[in-house]
Each structure stands twice: as structure tokens, then as C-alpha cells.
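First the proteins, then the strands, lettered A, B, ... as listed; each starts at 1.
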Amino acid sequence: MTETMLSAGELAAVRADFPLLARTLRDGKPLVYLDSGATSQKPDVVLDAEQDFYAQRNAAVHRGAHQLAEEATEAFEHAREQVASFVGADVGEVVWTTNATAGLNLVAYAMSNATAGRGGEAARRFALAPGDEIVVTEAEHHANLVPWQELAARTGAVVRWVGVDDDGRLRTDELAHVVTDRTRVLAFTHASNVTGAVTDVAPFVARARAVGALTVLDACQSVPHLPVDLHALGVDFAVFSGHKMLGPTGVGALYGRRELLEAMPPVATGGSMVEVVTMQSTTYAPPPQRFEAGTQMVAQAIGMGAAAAYLAELGMDAVAAHEAALAAELLDAVASVPHVRVLGPTDTRDRLATVSFVVDGVHAHDVGQVLDDAGVAVRVGHHCAQPLHRRFGVAATARASASVYTTSQEIAVFREALTGVRAFFGWDR
Amino acid sequence: MTETMLSAGELAAVRADFPLLARTLRDGKPLVYLDSGATSQKPDVVLDAEQDFYAQRNAAVHRGAHQLAEEATEAFEHAREQVASFVGADVGEVVWTTNATAGLNLVAYAMSNATAGRGGEAARRFALAPGDEIVVTEAEHHANLVPWQELAARTGAVVRWVGVDDDGRLRTDELAHVVTDRTRVLAFTHASNVTGAVTDVAPFVARARAVGALTVLDACQSVPHLPVDLHALGVDFAVFSGHKMLGPTGVGALYGRRELLEAMPPVATGGSMVEVVTMQSTTYAPPPQRFEAGTQMVAQAIGMGAAAAYLAELGMDAVAAHEAALAAELLDAVASVPHVRVLGPTDTRDRLATVSFVVDGVHAHDVGQVLDDAGVAVRVGHHCAQPLHRRFGVAATARASASVYTTSQEIAVFREALTGVRAFFGWDR
Amino acid sequence: MTSSMEQLYQQVILDHARDPHGRGLVDGPADAVAGESHQVNPTCGDEVTLRVALGTRGTVPVVEGVSWEGQGCSISQASVSVLTDLVTGQDLRQVDEVAETFRALMHTRGAGLDEEREDALGDATAFTGVAKYPARIKCALLGWAALKDAIAKTGVAVPATASAAATTTEEPA
Amino acid sequence: MTSSMEQLYQQVILDHARDPHGRGLVDGPADAVAGESHQVNPTCGDEVTLRVALGTRGTVPVVEGVSWEGQGCSISQASVSVLTDLVTGQDLRQVDEVAETFRALMHTRGAGLDEEREDALGDATAFTGVAKYPARIKCALLGWAALKDAIAKTGVAVPATASAAATTTEEPA
Ligand SMILES: Cc1ncc(COP(=O)(O)O)c(C=O)c1O
Ligand SMILES: Cc1ncc(COP(=O)(O)O)c(C=O)c1O
Ligand code: FES
Ligand code: FES
């Protein structure tokens, strides 16, 4: 991949699509939004898709005989196709969820339910026994760690993990001894929301297959920034969120290989996911409906579909190339300021434009406050990855993260503001 | 409550707030939307609240140091206050969910987790043992039945139920023998989405208290149409959905009495609901955050808050009075057509403007298709209440359901279209 | 009445719905191979149970009889009634072809198929208008899904079609 | 630099943050009643462990010493440092009042309290500007939450305030 930025003209056109980017802050400062790793801004096409749905075809889907309901259903299922094709999945392999977290919990609870005998013989492959192992990594977001801890607590399984090296890269070399015949699940991130390191998925999938473990990919940070083809990656499950990929809040997706979804027992139950319900017992619909209980986030799914289409139109190669160039500029900016230390790779190979750092002697929250005062929005704290921070001996970092709409000028403002941080707190005077 | 409609002027003003109501259908027919029981239409203030959030203050909540994040957090928590005060709850007692279904599943899975020992001593009150009983009613939506069947299957508990009389009213007289010392949960609907019957909550709460059972109220159909004061009702838990109360899709609320939420173990786990996370174990935040894992449906919560404020401004007494008058007109309309039979009360006391019916000799879906051809949108099928339909010996009904924006003229169009249904299918010629 | 509505409820459909053929489960001839399937339309909860009896004509398996029971809308009842007429006496390869043709018809959004293919459908071309109403397509296919499953349950293999056989030895789906 | 930023990081705060008072857990006098609390700010994961030693002056319980350990931002570190100065030597009723006043200050959105109440806060009035930054209020309150909990853990009751005592016998929260 070449690290070619969008041209000034292209970038201006992109930015014009995002109404929030025109906002000014306290004291009239222009906004420099470097918190896309937490949540992205949304282009007009996404907002319009939601509005158009509400103003033109809002109705309950998969239920009505009337025209609005038909139109709503069509728009909703069209969005599923848009999202599926964006990540190289079949349409029946995409389950709508509230967010990525909900997708991971869905898989973990389905395994719990299978362990309790739900889903019968077909679901036995998801059942865990005491002593079975679930392997995660030290780089995981809490969303891809805590649900597995809880699953382990409910079933008697044990959580083990692959470590992180000093550069913030996953210790792929540990797979051979951490992932064993006892491993039933290997859950790992495609890209860290802290270090920005992108995982080489192939050895994970290969090792999991060798021992017969299920792979679960946290694609929250990869899908918005890189071309992702889930079939080509060969993972069993994957999750991602709409709000991080230019889409609305309140929607995400769980990908599951068709034969797995077909065998998996439901988690949330209720309307629209059943076949026959009596007071005594219930039979369930085929996937993906089996996992979509109750009235879905229809407008949001349609918005997420529009976001996927928008990114596809820009071209994920172009997006990734633009962001690779931004990553280099961000790394350059932090390297230019003394007493700043980066958590994660300092080269641009296989990394996102997400840079977390500490400023010696200044707490991350205070760093963020000074940047905020210059109009620069960064995230501060542990970014829902306490173990990874502990691995590097810090409690909190500041994190600058870019997206397709980020400019070099913005990174220059960030660099300038960062330069003044230590002096403000009385250091280096 | 008096059955006074909104004046023509008031109603016109209300309708002008709902962009979709101006829509026309195939062949230019004006839309007559009588499917509000499935999902309501949304006023501009709700759409604007979401748009304004995305265009002005979209950011991750409860996390950032920057100004957008502060503003987003404030808007999000303000919405919680709006929704809480709308239903007579304290702000800390409202948990955001995807929909009502998710709220019911949350309680059921929390009980499962407590049964597995999660949440420690404090959570023991939620644990079930084999032979414990969960009581529901025959009138429940699948959302308030299937999660309890599954909880029973996971824990060895048993589901029992209160019946429905020929008028579609809950058999309150059965409470005394169905709800016993073995009953741990009494889950029941506040208003049926099929019969429109409104439940007299007091005897349910009294009986549950007498035996020490938890009460779970499905307030999906009451909150949009009636004044609801959860503290006054005295239930332990309640759920409702945004999309049925003029709010966005993708958001709902779970109410839980504070001391219960405090003792309850989490269900979905991940970011934003934890305190300290190590690779080995995790401690959890206090409620409501403990139950809100991952990035929340922020824009939708804000939209739901705006919807609650909109309804509060209209006044729920006025809304209920308007709809009571519509209920009388709907009942009148179906009674005027020969060979039409209503499921549910035919008087207007304690009932919603939701009328389900069968037309002799014509399947509900065919009834709906003829009405659709006249521009009238009704729901057809079992309305996610198969057991209730079975109770009345039918597989499917057509359902006309009104909301605050519904007019008498619309009901007249419905009546006219209904009159032609049997003739179309070759009856009564 | 809109014209799409008239196309949806053609007189053929209304007639079959009021007086459906093949209704009432019967046992097939003693020497026939029987298969039965129960299908639910999850969107409405309607159900059909369909029984098929297979015999042979020479070495070719044929449908000797179809009978069914169920509840559903006029589209679903008419569809299974028309199906009964269409497939009785046909060999399994023909049945497979007509079923595929009917499925294809349901994806034309009301435009219909070419004349040759429509001819094979006989009365079933009356369902062309159904394809304009996405919510009703499942109604029209309910009986066909039951037929396919019932035949599969007999364990009798559908002989490959001439064209399929030329390119592959795999059974057509 | 905006003016709200200057109000947030007043020199008093920066000084206390760089050179905090009371840092490093110590055992109180042997005859003191001790209480300890560990508090986490869930939004950032920062933590403080605070130990309080209570003695008596006449019959009135007084804070003899405060010591603490923890990590956090400058606001949180300065706040617990200022707290240490403010409450050491005070009787529990005074401590309770100053804590309530500080909490009230945090809800003024930066407007401050009336002069009389502010006087009682001493150096802690420097935190007025924090109340303009909702995300930082929890930082400023972290130490105070630990103090309250540590005192509760001693089991020593806070005597009722004059005004509260006049209307109720309940302990102030
Ligand atoms: C009475 C009742 N309960 C529960 C639900 C489920 O609500 P949702 O689909 O929004 O979760 C509905 C609506 O479908 C309902 O009418
Ligand atoms: C790597 C990673 N995984 C999971 C999540 C959780 O996503 P969400 O909060 O949308 O569920 C996030 C974002 O917070 C993330 O960055
Ligand atoms: S509506 Fe049920 S089969 Fe047509
Ligand atoms: S940022 Fe953690 S206490 Fe202030």
C-alpha cells in the first residue's frame, strides 16, 4: 500500500460531507477532531439515510402487509447487503447488534446457552467444559476480554492470553504454546485501539484451526480504516460497530460463518426470531433472524449501510493510504516533542493512524485538557484497555486518532499544542 | 378520564409535526397509518434532536476530556432525566437498552448469572433453584414470555401463567392460586398489544409482594398512550421502547428499583461498565452504567428523551383522552361491519385504541392487503402473541392501532375499506 | 382497486383459495414411497403439512399423489392447491423444473418470465402479480418448500436434468 | 490560553499537584481510631487510598491526621492535598460541613458560592473553575469520597450539626 494522501481537493470534498467538522468550540477555536478511534463523525449521506427512512418509510419490518412495511423491510435488508459486501461476507452471515460489544457478548452467551444444553445436539460444538480454555490477548479492549472472563466464570473454563511485545505487537510466537488442544476459542483484535498495531491474522487462524478452536475477530478498528475481507481472513466470527465507521450510534454487526450461525442457539429471545410459540416452549427462526429479537435498530442499520457504501465509494485502499500518511505525520509530531513516549509501534508498517502517548510528569487527562483548550479533541485514559496500559506500566495515555477526513494541517495544530504541555505544568522552564 | 378528542386545530398542529404522515402511497392514495401499535411515527423534534446531536456534538460519552465529549455526555444524561421523569422514576433507575425485548432479556440473564453465583451474596436474591416458579400471563407478547421460558430451561425453574377471559382481560382472580410461595418472578403486561386491554396493576403487585416475588412490567404499550407513574405502580422492573413512543428505533429503557439494580450482576460486559480490569478478573461500576456495556445508542437516547418531552408537553392526560375517543370510534367501525369479530374488550373502559379482529372466511393477511390497497396500514398476523391467538382459536388477526396523531377521518376511511373486504373474496354476494 | 391488486388476486387464485385441491391428508397407495413435511411461515405463523406419494414410471420416479393440510392466506392456499394439480403425475425431474420455474417467477417483481417457461407453469402463472408484493412471496412458496422437503424425505433421488447431467453429476438443488 | 483554562488550573492547584501534602500512607497515633478507603474514578481508572486517624477534643471527635496514596491527574492530586490541609485538626462536624460546601462548589458550574461559604473552604476555593468542566468534577471529588468513606469506616458517628439537630435527630449524610 502506498502512503498517498487524498489530494487537497479530494479531502476538502470529503470534509464538506461532514457537518460537524465545521463546528467551532469555546472561544471560537476551530475543532481539530482527533478522537475518531472512540467514535467517528458522520457524513450527510448517513444522516440523510436515517432521516429519509423516518420521514418516508418508517414501519415495523418483516411483519406488515402494508406498503410502508414492505419498503422498510426492503431498505433494512438492503443495508444488510451493503454491510455484508463491504466486509466480504454473505448477506445471511451478518447479524445486527447494538455495537461490537453486544456482538461479542452474543457469542459468549450463545456458548453459555449451548453449555446449558440449549440448541440441542447441533449446538454441542459451542459447549464448554471445566478446564476448556479461551485464549485472548493482552492487547484486547475490555469488550473482547471481560465477556470471556464471565463466560469462563459461568462454565468453569479458563482464560489464557497471548502477550504483547515492547513495540505493542502481539506475540505471535506465543501462539504455539498458549493455544493448545484445550483451546476452544481464540478471540483477538484485528487492530488495537491503543497502539494502532494491526494484527497479522493468518497465524492466529492457522493455529486455531490446527487445534479446532473457534476464532473471534474484534474488527472494530480495522473495518473503518482498512480493506477487510472476512472470507479471505477465514475467521469464524467477527464484530464491528457502525459508529466507528462513519455510521450512526446504536448499531453494529456480528459476522458468523453460515454453518456456525445455523448451529448456534439464540441469546436474546422475543418477537421476530421465533417460529412456533406455545406457553410451554418455542422453536426458533433460522439465522440471521434467530439472533435479532424484538424491533431492530432499523434506521441505524440503514445508516450503517449508507456509511459502508460511502466508504466503498471512496475506496478502502484510498482510505487506508490516506490514513497511513497521517499515521506517519502523527508519529512525527509526537517524536518532535521532548519527553513524549509512544505506546506501540513507532514505524508505520501495519499500523493505524492511532497514536497513544504519555508526557513525562503530566497526567494524560491534563494533557488532554491543554489540547482541548487549543481545540484539539483527543481521548485520555485507559481507552478500555487497562491490561495493556498495565503492560506498559502506565495507568493512562492520551490518544490522537485520525480518520479519512483528517488533514495534515490538523496534525500540525496538534503538534503545536502538544509542544506547550510540559511548560504549562511547570516543567522544562 | 374524559374521552375528549384533541380539537381539529390541535390535531392538525400535531400532525404537522410528523413528516411521514404527509406521505402518499401507490396510486397517490393518502396514507392512513393505523399501525402505531407496531411502531409509531416520529415528530420533527425527535428527528431534529438526533440530527443536532450528530451535526453539533457527536462524541463518545463518559470518556473524553474534550468539549464535544462533555457536551455529548450532558445531552445523553439529560435524555435519561427526561425519560425517567416521564415515567415517574429516578434518573439512576433508568438503563438504556436497544428495545423493550432487550430489557426483559437483561433481567432474565441477570437472574441466570446470579444463579451461576455471579454478583456474590448481594445478588443471591436473583438466583433461581429448580422448582422455583416464574409466572407470566397468556396475554404476553413473545418478548415477555420466551425469555422466561429460556431462563427456566437454564435454571430448572418452571413457567406458569395467569389466563385470559373471553373479553381478553387478565384473570386477576387466578393470581391467588397461580402465584404462590414458589413464585420468584411475576412478569405481566401493562397493556396488551393485541386486545388493547389495560391491566389493573395493583392486585398483581400486591400478590407478588405477599409471596416475595419480583414484578416485571411490560410497559411497551402503556407508556406511549397513558400516563404512567412507575413509583406509584410499585413494580420492581419495567421495560418500554423508544420507537413505540414517538422516539427513534434502536433504543428502549429498563426501569429497575434502585436497590435491585444495585444488587444485580451485569449481563453484557465490556467497556464503560467496569471499574478495575485485569487479565484475571474485573470489578463493575455502579448502576445504571453497570448495565450499559460499550458505546451506547447516544443519538437515539437523546431522540427518546425528546419524544418523552414532546409527549409530556402535549400532556399524557390529553393524549389518553384523545385515544380513548379513537378507541370508541374504532370499536364502532368494526362493529358496523357484519362478520367481523373483535379479540378483546368491546367496551372502552381500560383499553387502548388498539383493536384486533377477524373477518369470517378471510385470512388476516388478505384483509390487510385489501386495506393496504385503500391506503390503510394495519398489522396482520399473530402480533408476536401466538398463545393469546391460540386462546381465541385463531392463528392471525388484523389489528388497527391508533396514536395521538390519528384522526376520526382516518378511522372512517378504515371503516369504509373494511366494508368491502368480504365481497372482494366472494362472500355475501 | 389498483391494478397491482387485481394482478395479485386473479380469479384463478380466488377460486383455488375457496375450493382448494388436494386438501385433507390421505395415505398414498400401499406400494408408493411416502414423504411428509411440515413447514411454517415464520412471518405469520401459518403452517402446511404436505404428503407426497412417489411411484415409478419405467425407472423414473413420479409423483403419484399429493395431499396436504394447513392454514394460511388465500395466496398460500391457492398456491398449494395449484401445486397439487401441477405436479401430480409428473416425474421428479419435471417437478424439479416446474418448482424452479415457480421460484424464478417469484423473483421477477411482477414482470413475469418468458413465454416458454410460463407455459410450463399452467395455472401457476396467475401468481405473477404476487411477486410485486415482497411480503406475499413467502406465502406463495410455502407449499413448494413443503413439497421439496417431502420429496427429499422420501429418500428418492431426483434424476439429473439433461442439461445439468451434461455438465455435472451433482444433483440439482 | 482561554480564561476558563486559567481558572481551572490556578497556581494553587498546580503547586499542590507538584508537591502534594499528606502523600504516603502513615499509621496514625496508637490511641487514634483509624479508617481507610480505596476509591476508583471509573471514568479514568485512577485510584486513591486514604487513611484517616480520629482522636477526640473533649467529647468531640476530631481528625488527627490524613495520609494517602494514589495516582491521578493534577486536579485529583491537588484536591486530596488541599483536603489534607483543610480537615486536619478539625472536628467531624466541621469536616462534614466543609465537605458538603466543597461538593456544593462543584455544582455551581464555575459561578462559585457566596463569600461566607467560600471562606470556609480556604485554598479549596481554587477549585471553583473545575466546576465548569463536568468531566473533571469527579477528579476533584475523588479524595473527598475517600475521606467520607474512611470516616464512615471508623465507626465514629458525625455529631449532628446545630441546624440539623434542631429539626431532626437523623445523622447528616
Ligand atoms: C406489549 C409488547 N411488549 C413487548 C414488545 C417488544 O417491543 P420491542 O420490539 O420494541 O422490543 C412489544 C412490541 O412489539 C409489545 O407490543
Ligand atoms: C478495539 C475495540 N474493540 C471493541 C470496541 C467496543 O466497541 P463498541 O463500544 O462500539 O461496542 C472498541 C471501541 O470502543 C474498540 O476500539
Ligand atoms: S399470510 Fe401466512 S401464508 Fe400468507
Ligand atoms: S483524570 Fe483520573 S482523577 Fe482526574
Practice task
Would you tell me whether A:Tyr109 and B:Asn105 have side-chain atoms, one donor and one acceptor, within less than 3.5 Å of each other?
Solution key: no

Problem - Engaged part of A:Val274 at the chain B interface, taking heavy atoms whose separation is under 4.5 Å - result: side chain

Exercise for the section: Go through the atoms of A:Val251 and report whether side chain, backbone, both or neither lie under 4.5 Å from a heavy atom of chain B. Expected result: neither

Problem - Shortest non-hydrogen contact from A:Ser272 toward B:Cys384 - result: N-SG, 4.2 Å

Exercise for the section: With a 4.5 angstrom heavy-atom cut-off, could you sort out which part of B:Leu68 is near chain A: side chain, backbone, both or neither? Expected result: side chain

Handout entry: Selection from B:Gly117, B:Ala293, B:Pro266 maximising heavy-atom pairs under 4.5 Å formed with chain A
Key = B:Ala293

Handout entry: Which portion of B:Gln149 sits near chain A, non-hydrogen atoms under 4.5 angstrom
Key = side chain

Problem - Which portion of B:Pro248 sits near chain A, non-hydrogen atoms under 4.5 angstrom - result: both

Exercise for the section: Working to the nearest 0.5 Å, report the span between OG1 of B:Thr269 and NE2 of A:His142. Expected result: 11.0 Å

Problem - salt_bridge(A:Glu71, B:Arg26) N-O dist < 4.0 Å - result: no

Exercise for the section: Measure A:Ser241 against the heavy atoms of chain B and call it side chain, backbone, both or neither at under 4.5 Å. Expected result: neither

Fill in the blank from the handout: Turns out that what part of B:Asn113 lies under 4.5 Å from chain A's heavy atoms comes down to side chain

Exercise for the section: Give the member of B:His365, B:Gln280, B:Lys244, B:Met279 that has the highest number of heavy-atom pairs under 4.5 Å with chain A. Expected result: B:Met279

Problem - Options A:Gln369, A:Arg154, A:Glu150, A:Arg57, ranked by heavy-atom pairs under 4.5 Å with chain B, top entry - result: A:Glu150

Handout entry: Pair A:Asp372-B:Gln67, side-chain donor/acceptor within less than 3.5 Å
Key = no

Problem - Contacting moiety of B:Val378, where chain A heavy atoms sit under 4.5 Å - result: backbone

Practice task
First locate atom CZ of A:Phe53, then atom CG of B:Leu47, and finally report the distance between them rounded to the nearest 0.5 Å.
Solution key: 11.0 Å

Problem - B:Val46 versus chain A, the contacting section by heavy-atom distance below 4.5 Å - result: neither

Practice task
Side chain from CB out, backbone as N, CA, C, O: work out which of these in B:Phe18 comes under 4.5 Å of a heavy atom of chain A, or both, or neither.
Solution key: neither

Practice task
Verify whether one side chain among A:Thr249 and B:Gln296 offers a donor that lies under 3.5 Å from an acceptor in the other.
Solution key: no

Problem - Gap between atom CD of A:Gln300 and atom CD of B:Gln300 - 0.5 Å precision - result: 4.0 Å

Handout entry: Among A:Ser281, A:Ala102, A:Ala100, residue most engaged with chain B (heavy-atom pairs, under 4.5 Å)
Key = A:Ser281

Practice task
For each of A:Thr101, A:Thr39, A:Val277, A:Val376, tally heavy-atom pairs with chain B at distances under 4.5 Å, and name the one with the top tally.
Solution key: A:Val277

Fill in the blank from the handout: When the 4.5 angstrom heavy-atom criterion is applied to B:Thr278 and chain A, the contacting part is both

Problem - Pick from A:Met297, A:His66, A:Glu50, A:Gln56 with the largest number of heavy-atom pairs that fall under 4.5 Å of chain B - result: A:His66

Problem - Among A:Asn58, A:Val298, A:Thr295, the one residue meeting side-chain contact (heavy atoms from CB on, under 4.5 Å) with B:His243 - result: A:Thr295

Problem - Contact class of B:Leu106 relative to chain A, heavy atoms under 4.5 angstrom - result: neither

Practice task
Return the option, out of B:Glu138, B:His141, B:Arg118, with the maximum number of heavy-atom pairs under 4.5 Å with chain A.
Solution key: B:Arg118

Exercise for the section: Tell me, for B:Leu145 versus chain A, whether the close heavy atoms (under 4.5 Å) come from the side chain, the backbone, both or neither. Expected result: side chain

Practice task
Name the member of A:Arg160, A:Gln51, A:Met273, A:Lys42 that forms the most heavy-atom pairs with chain B at distances under 4.5 Å.
Solution key: A:Gln51

Practice task
Quick one: which of B:Val267, B:Asp373, B:Asp44 has the most heavy-atom pairs under 4.5 Å with chain A, could you say?
Solution key: B:Val267

Problem - Among B:His383, B:His382, B:Arg379, residue most engaged with chain A (heavy-atom pairs, under 4.5 Å) - result: B:Arg379

Handout entry: Proximal component of B:Thr24, with respect to chain A [non-hydrogen, under 4.5 Å]
Key = neither

Problem - Portion of B:Ser40 that has a non-hydrogen atom of chain A nearer than 4.5 angstrom - result: backbone

Exercise for the section: Against chain B, work out which of A:Thr98, A:Leu25, A:Leu21 has the most heavy-atom pairs shorter than 4.5 Å and name it. Expected result: A:Leu25

Exercise for the section: Go through B:Ala268, B:Ala301, B:Pro19 and name the one with the most non-hydrogen pairs under 4.5 angstrom from chain A. Expected result: B:Ala268

